[in-house]
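What follows is a single structure, written as structure tokens, with notes after it.
We use all heavy atoms of the structure for the numbers below, so side chains are in, but hydrogens, waters and symmetry mates are not.
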Amino acid sequence: MDEKDWLILDVLGTERNITRTAERIYLSQPSLTHRLQQLEKELGIALFVYRGRRGIEFTEQGETMVGYAREMLERLVEVKSRLIRQRGEVSGTLRLGVSRSVALYRLPAVLRLFSEAYPLVDYDITTAVSQDLLGSVSTQKEQVGIIRGTPHWLEQKELIEQEQVCILSTLPVDLEGLPEGRRITFTTDPSLSRIIDNWWKQRFNKPSNVFMHVDNAEIAKRMVQNGLGYAIVPSIVLTEEDRQLYRAVLTGADSEAVTWSTWLLYKQEFMDIPAVAAFVQFVREHYRDSIPSLYDNP
């Protein structure tokens, strides 16, 4: 067995499907099936049983081999990282778990600058809601997480952005008239929903007049741009192109702005990997370069 065989078993263990595995590792399905048959002959075991459309199910020995393959791939990454450190280079694959909104509005600018400084680094980027990303960083599926909210994280954690939550509209915002206005809501992180709901309940004694619900904040913003209503959004969605919109920052009972935070999460042990250490340091120094200046209301 070699690295390619370990990769086959690793991906197959995740996909549980021959066709999808072949697509992910850029092999034809017949070539993949042939190699699996060869492995079974070499090892003298049955790796799995077929389940037709439902995919495959590994035998006990097959599950053992999947675990072995993953362990060997992890060891190979360790060895490569050690050799890279000895050469003084920063390269390898950086595994990032990033909140979807950060990936949309911040990450491209950050990675453009980082890639210019470290051209030998490759990326494996997962985007999801913050709670799911917290789990994948905790289990070391991702080396670095950039998530939003207030994460319960006992390892290394650094605040990299604290944005305002605001009301967007094509007309001057009348806070007293909000309950009667046509509100556009969107699916978001549950903790941000709680922040907005708590603010609303502190200010008004009746629910908002929800006119439309969409999948994400960017779509909500575009609906606002077309005069369909107002939306309460985190300021990460704002760009220099949104100057035509009116913005009113939410404030709490203490008159302080309501904010929503972005955090950099990682485990100290991963700082021995040059690409991880370089990325963490780069984010500390340059993340704010990706944040456009907020505009004044017209």
Side-chain angles (χ1 to χ4, degrees), residues 3-4 6-8 10-11 13-15 20-27 69-70 72-148 151 153 155-158 160-161 189 216 218 236 262-292:
E3 181 182 356
K4 189 172 184 180
W6 301 335
L7 180 61
I8 287 172
D10 176 37
V11 175
T14 299
E15 295 291 347
R20 290 198 298 270
T21 298
E23 291 173 351
R24 280 189 56 184
I25 61 178
Y26 301 101
L27 273 180
R70 288 172 174 168
M72 294 305 295
L73 287 171
E74 289 175 2
R75 289 185 180 180
L76 183 61
V77 169
E78 273 183 36
V79 170
K80 288 181 177 179
S81 295
R82 190 175 304 166
L83 293 174
I84 288 169
R85 288 196 296 273
Q86 290 172 351
R87 294 198 304 266
E89 295 178 353
V90 176
S91 63
T93 299
L94 185 61
R95 302 196 310 274
L96 304 176
V98 186
S99 164
R100 291 191 178 109
S101 53
V102 174
L104 178 61
Y105 297 105
R106 300 286 187 262
L107 190 63
V110 171
L111 290 188
R112 176 178 58 81
L113 296 173
F114 183 75
S115 294
E116 290 173 359
Y118 301 99
L120 299 180
V121 175
D122 299 321
Y123 307 92
D124 185 345
I125 301 171
T126 298
T127 63
V129 297
S130 295
Q131 190 58 43
D132 291 342
L133 292 174
L134 193 62
S136 63
V137 178
S138 178
T139 58
Q140 301 186 3
K141 181 180 178 182
E142 318 302 342
Q143 296 163 325
V144 179
I146 302 179
I147 73 172
R148 289 148 69 70
W153 180 255
E155 302 278 347
Q156 303 299 312
K157 177 174 72 172
E158 300 180 28
I160 56 176
E161 182 176 359
D189 189 293
N216 59 62
E218 177 63 24
I236 195 171
T262 301
W263 296 84
L264 179 71
L265 310 181
Y266 57 95
K267 292 192 173 184
Q268 186 61 41
E269 61 196 85
F270 280 135
M271 292 296 280
D272 290 335
I273 300 174
V276 174
F279 183 75
V280 168
Q281 185 61 32
F282 189 88
V283 168
R284 287 173 181 156
E285 297 176 357
H286 299 288
Y287 183 87
R288 296 199 61 81
D289 296 341
S290 70
I291 303 174

Roughly how far, to the nearest 0.5 Å, is the [atom2] atom of [Y] from the [atom1] atom of [X]?
X: E142; Y: T126; atom1: CD; atom2: OG1; answer: 4.0 Å
X: T93; Y: L120; atom1: OG1; atom2: CG; answer: 11.5 Å
X: S138; Y: E155; atom1: OG; atom2: CD; answer: 8.0 Å
X: L96; Y: Y123; atom1: CG; atom2: OH; answer: 8.0 Å
X: L7; Y: L73; atom1: CG; atom2: CG; answer: 6.5 Å
X: S99; Y: Y105; atom1: OG; atom2: OH; answer: 11.0 Å

Original post:
How far apart are the C-alpha atoms of E161 and R106, what are their side-chain angles, what is the distance that settles it, and do they pass the side-chain contact (heavy atoms from CB on, under 4.5 Å) test?
Top reply: CA-CA 11 Å; E161 182 176 359; R106 300 286 187 262; 2.8 Å; yes
Would you say [X] and [Y] make side-chain contact, with heavy atoms under 4.5 Å?
X: E15; Y: I25; result: no
X: I125; Y: L111; result: yes
X: F270; Y: V280; result: no

Which pair of non-hydrogen atoms, one from [X] and one from [Y], has the smallest distance, and what is that distance?
X: P151; Y: L265; result: CG-CD2, 4.1 Å
X: A103; Y: V98; result: N-CG1, 3.7 Å
X: A128; Y: L133; result: O-CD1, 3.5 Å

**OP:** Apply side-chain contact (heavy atoms from CB on, under 4.5 Å) to the pair Q156 and M271, showing each step before the final yes or no.
**Re:** CA-CA 10 Å; Q156 303 299 312; M271 292 296 280; over 6 Å; no
**OP:** Could you walk me through whether I236 and L104 pass side-chain contact (heavy atoms from CB on, under 4.5 Å), step by step?
**Re:** CA-CA 9 Å; I236 195 171; L104 178 61; over 6 Å; no
Is the number of heavy atoms from other residues, nucleotides or ligands within 6.0 Å of [atom1] ([X]) greater than 12?
X: R288; atom1: CZ; result: no
X: Q131; atom1: CD; result: no
X: K141; atom1: NZ; result: no

**OP:** Take V137 and I147, measure what side-chain contact (heavy atoms from CB on, under 4.5 Å) needs, and give me the verdict at the end.
**Re:** CA-CA 10 Å; V137 178; I147 73 172; 5.7 Å; no
Subject >> By ring-ring contact (aromatic ring centres under 6.0 Å, His included) - contacts of F282 (at least two apart) >> reply: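 ring-ring contact (aromatic ring centres under 6.0 Å, His included) check on F282 returns F114, H286.
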Original post:
With no hydrogens and no angle check, do the side chains of T14 and R70 hold a donor and an acceptor under 3.5 Å apart?
Top reply: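 Indeed, the side chains of T14 and R70 share at least one donor-acceptor pair under 3.5 Å.
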Subject >> Which residues share a salt bridge (Lys or Arg N to Asp or Glu O under 4.0 Å) with R148, sequence neighbours left out >> reply: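 Expected list: E163.
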Subject >> Qualifying residue for side chain to side chain contact (heavy atoms under 4.5 Å, CB included) with Y287, from I160, L107, L264 >> reply: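 In the set I160, L107, L264, the residue that makes a side chain to side chain contact (heavy atoms under 4.5 Å, CB included) with Y287 is I160.
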**OP:** Among I146, V102, D189, find the one that has a side chain to side chain contact (heavy atoms under 4.5 Å, CB included) with S130.
**Re:**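 Passing option: D189.
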Subject >> Main-chain N/O of R95 paired with Q143 side-chain donor or acceptor, under 3.5 Å >> reply: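 Looks like yes, one N/O pair under 3.5 Å.
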Subject >> Any pair counted as salt bridge (charged side-chain N to carboxylate O under 4.0 Å, His left out), so long as it reaches residues 111-126, sequence neighbours left out >> reply: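 As it turns out, the salt bridge (charged side-chain N to carboxylate O under 4.0 Å, His left out) pairs with a partner in residues 111-126, which skip direct neighbours, are R112-E116.
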